[in-house]
Structures are given as structure tokens and as C-alpha cells.
Engineer: 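I'd like to ask some things about the structure below.
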Amino acid sequence: MDLQQIRYFLETVAAGSLSRAAVRLGISQPALSRQIGNLEASLQQNLFYRHGRGVSLTDAGRRFEEVARDVVRRLADVRTELATGAIDDTGSVTLGMPPSLSASMGADLALRFAAEFPRARLRLREAFSAVLLEWTEAARVDIAVLYDARSSPSLVATPLLLEDLFMIEPPAARAATEPVQLQELASRACILPGPENGLRRVVDAACAAEGVRPRVLTEVDCVAALKQLVERGVGPTVLPFGAVHREVRDGRLRVRPFRSASMRALLVLATPANKPFTPLTRAVMRIVQDEVARLVPLDVLRGVTRNLEGARPRPRSEREVPEPIG
């Protein structure tokens with residue numbers, strides 16, 4: 001495999017046929033077919049379906065396209081970075097974060113950025129994943145932390161944290177302490193974010209897989225309001241630990257883990273594919289990754305930060321179920 005083969009592959013994807021791609025590349029169709037065949041042989045996978053209208057990607061082809069676009073883009077970024085020299089510490093970066101994460105690390109992240117780049121400016125914007133995705137694809141933010149987004153022609157996604165979700169309840173002397181079965185979401189009146197929210201989509205998908213229909217009392221797209229309603233005893237909600245770690249520490253809320261391995265959400269760092277990826281943007285990504293890695297051992301965030309390429313929740317053994325808090 002070489003870069004020329006990757007370039008030929010991406011051009012064929014864009015053109016939708018070998019003949020059109022060959023014209024764009026200025027080579028013969030047999031030569032292009034030979035290069036694509038060599039690439040498929042090196043990967044031991046068919047990347048394209050051949051049909052009368054041209055070609056379309058196989059599942060292996062779609063996966064390879066994600067990686068290939070990221071490789072080409074990163075190489076271009078490195079070339080630009082090396083050509084321009086040191087980081088421009090007078091620039092600005094806009095970072096979008098979901099409320100569940102900004103509440104636990106937004107302040108520390110801003111302070112660290114200010115200490116490392118005192119002449120640059122970091123703007124933090126908070127919104128739910130659906131809005132952050134729109135902002136990222138429209139290049140209105142330089143980086144966003146999104147729930148379970150995948151790389152696409154308009155988006156480059158890098159796994160950040162496979163985050164555990166918890167049932168959030170008010171403290172009670174005789175409340176249940178065992179891990180939560182998903183069926184409990186159907187038997188209790190819950191307060192959940194709206195269906196467009198990334199966390200809600202994880203909950204709905206996990207419940208649908210087990211034939212459970214959550215009993216939703218009301219939908220609230222505000223983490224602060226969700227926590228207040230739980231504190232007042234209106235009903236439980238579902239959030240990652242980082243969103244409530246202060247309230248748990250102060251005894252105002254408690255958390256219980258879910259038994260279902262599907263009750264985990266993959267957080268990714270996403271950048272617009274059509275916007276220049278500057279060295280300062282790369283530095284902000286590094287700071288976000290470092291802060292997440294720092295907060296997991298401190299029990300501010302709960303989840304997995306390593307080996308996340310292709311990460312999806314896996315079944316837990318009984319010994320892996322975390323102890324309930326509160």
C-alpha cells in the first residue's frame with residue numbers, strides 16, 4: 001500500500017466509477033483498476049462493489065475511506081505545520097462541548113490553555129450533541145466533543161472516552177443499591193433529555209435492544225434542570241458520572257451503574273473536514289485528551305480512554321460492575 005493507491009482510491013470514491021476517476025486522474029482505466037486491485041490485495045478485502053452504473057463501497061471500503069481521509073488530511077496538516085514553523089500563539093480556537101462534560105472539565109481546560117498560550121484565545125461553546133454536530137459540519141467551531149459521531153466527508157472524528165452512564169437519583173436511606181436493570185427505566189417515571197440528544201439516543205438504542213420502553217415523565221434539554229428535578233424527587237435521570245460528581249460528593253445525589261454494557265457512550269473529538277487544521281487546534285485537542293486522561297483516575301469522569309479505535313460497549317462480568325456510590 002502506498003499514498004498513490006490511497007489517492008486513487010479516494011478519487012474513485014468521489015467519482016463513483018473507475019472510468020470517471022481515470023479521466024480525473026489522467027491515467028488509463030486499466031492502470032487505475034490494477035492499482036485498486038493491488039490495494040485490495042494488500043488489505044485482503046474487496047473495497048468496491050462493481051456494477052453497471054460504476055462502483056460503490058463495501059463495508060470494508062467504507063471503513064478504509066474513514067481512515068484514508070484522516071491519513072491524507074493529517075499528512076497535509078503536518079506539511080503545513082512544518083512549513084510554517086512554530087505554533088501561532090496569537091490565534092484563536094473555538095471548542096464546543098456538551099454540558100455533561102463542560103461542567104466537569106471546562107474551567108480547568110480553559111485555565112490550562114491560558115497558561116500554555118497566554119496570547120491566544122480559546123472560546124468554549126456549550127450545546128447538546130445534535131447542535132454541536134451542526135456547528136462542526138458548518139465549520140462554526142474548530143473542534144467539538146460529540147457523542148458517538150463517526151468520520152464522514154464533512155467530519156473527522158477521533159475517539160476520546162468510552163463513558164459509563166448511570167442512573168441518577170436523590171439520596172435515600174433505604175433506596176436500592178444494586179446495579180440497575182434497564183427494565184427499571186420502564187417501571188419508574190424518568191426525566192430524560194429529548195430524542196435528539198446524544199445521550200438519549202444511547203439510552204433509546206440500549207432499551208430497544210432489550211425490548212424496553214422507557215417511561216418518560218418529561219423531557220428536559222438542560223443538565224442543570226435535570227439535576228434539580230432529581231434532587232426534588234420528581235424522578236430519576238440518566239447521565240455520565242462527570243455531570244454529577246460534585247453533587248454526589250456533597251451527598252445531594254447518588255448514582256447507580258447499569259448492568260447493560262450498552263449503557264456506555266463513545267465521546268469523540270470532531271473537527272470540520274473542510275476547515276484548516278492549525279497547530280493551535282491540534283494543541284487544544286491534546287489539552288482536551290490530557291484533561292480527560294487526568295480526570296478518569298481522579299474519579300471525576302468514569303470510563304475508558306485507551307484502545308478506543310472501533311470501540312463499542314462489550315458485556316461486563318459481574319466483577320466489572322462498579323460499586324454504587326451514595
Side-chain angles (χ1 to χ4, degrees), residues 10 62-78 80-81 91-106 109-110 113 122-163 165 193 196-202 205 221 223 240 242-243 264-293 295-296 301 303-313:
L10 292 175
R62 280 190 288 272
R63 174 58 180 148
F64 185 74
E65 181 193 14
E66 291 181 9
V67 177
R69 290 191 185 281
D70 193 27
V71 167
V72 170
R73 181 169 178 266
R74 289 179 183 275
L75 285 173
D77 293 338
V78 169
T80 301
E81 183 176 335
S92 65
V93 177
T94 301
L95 169 64
M97 302 183 73
S100 58
L101 192 63
S102 63
S104 55
M105 62 177 286
L109 191 150
F113 178 87
L122 174 66
R123 182 184 181 189
L124 290 177
R125 300 191 67 182
E126 181 181 290
F128 285 102
S129 274
V131 176
L132 290 174
L133 177 60
E134 292 178 6
W135 288 352
T136 308
E137 291 181 330
R140 294 173 59 188
V141 297
D142 299 293
I143 317 169
V145 181
L146 305 175
Y147 279 102
D148 207 28
R150 297 172 182 267
S151 294
S152 69
S154 60
L155 193 78
V156 179
T158 303
L160 176 66
L161 173 70
L162 185 60
E163 190 172 40
L165 301 182
E196 300 84 8
N197 180 272
L199 286 176
R200 175 65 182 275
R201 290 198 300 271
V202 172
D221 285 322
V223 170
R264 286 177 166 180
L266 181 63
L267 281 169
V268 303
L269 277 170
T271 55
N274 61 346
K275 189 172 186 178
F277 193 72
T278 67
L280 191 59
T281 301
R282 189 187 303 278
V284 172
M285 288 185 69
R286 171 183 55 79
I287 291 173
V288 173
Q289 291 166 332
D290 288 351
E291 283 299 298
V292 167
L295 292 176
V296 169
L301 302 176
V304 178
T305 59
R306 295 182 181 275
N307 303 318
L308 295 182
E309 287 296 340
R312 285 294 176 269

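Counting begins at 1 with the first residue of the sequence. Just so it is clear, the structure is predicted and the values come from calculations on it, not from any experiment.
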Engineer: In chain order, what residues pass the side-chain contact (heavy atoms from CB on, under 4.5 Å) check against Val202, with sequence neighbours excluded?
Structural biologist: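 Scan of Val202 (side-chain contact (heavy atoms from CB on, under 4.5 Å), adjacent residues dropped) gives Leu165, Ala265.
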Engineer: Nearest 0.5 Å please: distance from the CD1 atom of Ile287 over to the CG atom of Leu122.
Structural biologist: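 Spacing of CD1 (Ile287) from CG (Leu122) equals 8.0 Å.
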Engineer: For residues 265-277, pull every pair meeting salt bridge (charged side-chain N to carboxylate O under 4.0 Å, His left out), keeping only residues two or more places apart or in separate chains.
Structural biologist: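 Residue pairs passing salt bridge (charged side-chain N to carboxylate O under 4.0 Å, His left out), neighbours aside: Asp142-Lys275.
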Engineer: Output all residues satisfying side-chain contact (heavy atoms from CB on, under 4.5 Å) with Ala127, sequence neighbours left out; order by chain, then residue number.
Structural biologist: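 Partners of Ala127 by the side-chain contact (heavy atoms from CB on, under 4.5 Å) criterion, ordered by chain and then number, come out as Val131, Leu132, Trp135.
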Engineer: Output the distance between atom CG (Leu301) and atom CG (Leu295), rounded to the nearest 0.5 Å.
Structural biologist: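 Rounded to the nearest 0.5 Å, the CG-CG separation comes to 5.0 Å.
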Engineer: Can you list everything that forms a ring pair (Phe, Tyr, Trp, His ring centres under 6.0 Å) with Phe113? Sequence neighbours excluded, please.
Structural biologist: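 Checked Phe113 against ring pair (Phe, Tyr, Trp, His ring centres under 6.0 Å); matches are Phe117.
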Engineer: Is the shortest side-chain heavy-atom distance between Arg140 and Thr94 below 4.5 Å?
Structural biologist: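 Arg140 vs Thr94: side chains apart.
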Engineer: Looking at OH of Tyr147 and CG of Leu266, how far apart are the two atoms once the value is rounded to the nearest 0.5 Å?
Structural biologist: 10.5 Å
Engineer: With sequence neighbours excluded, tell me which residues meet side-chain contact (heavy atoms from CB on, under 4.5 Å) with Ala103.
Structural biologist: none
Engineer: Tell me, please, which residues at least two apart from Gln289 pass side-chain contact (heavy atoms from CB on, under 4.5 Å).
Structural biologist: Thr158, Leu160, Leu269
Engineer: Which residues pass the side chain to side chain donor-acceptor pair (under 3.5 Å) test with Arg123, not counting sequence neighbours?
Structural biologist: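 Partners of Arg123 under the side chain to side chain donor-acceptor pair (under 3.5 Å) test: none.
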Engineer: Could you work out, with side chain to side chain donor-acceptor pair (under 3.5 Å) as the rule, every residue matching Thr271, not counting sequence neighbours?
Structural biologist: Arg73
Engineer: Once side chain to side chain donor-acceptor pair (under 3.5 Å) is applied, do any residues pair with Thr281, and if so which ones, sequence neighbours excluded?
Structural biologist: Thr278
Engineer: Just grab all the salt bridge (charged side-chain N to carboxylate O under 4.0 Å, His left out) pairs involving residues 124-138, residues at least two apart or on different chains.
Structural biologist: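 Listed by first then second residue: nothing to list.
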Engineer: Could you check whether any side-chain heavy atom of Leu199 comes within less than 4.5 Å of a side-chain heavy atom of Pro240, counting everything from C-beta outward?
Structural biologist: yes
Engineer: Not counting sequence neighbours, which residues clear salt bridge (charged side-chain N to carboxylate O under 4.0 Å, His left out) with Asp290? List them please.
Structural biologist: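 So Asp290 forms a salt bridge (charged side-chain N to carboxylate O under 4.0 Å, His left out) with Arg112, Arg286.
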Engineer: Which pair of heavy atoms, one from Ala157 and one from Ala149, lies closest together, and at what distance?
Structural biologist: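 So the two residues come closest at CB-O, 3.9 Å.
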Engineer: Can you sort out the partners of Glu65 under salt bridge (charged side-chain N to carboxylate O under 4.0 Å, His left out), two or more places apart, ordered by chain and number?
Structural biologist: Arg69
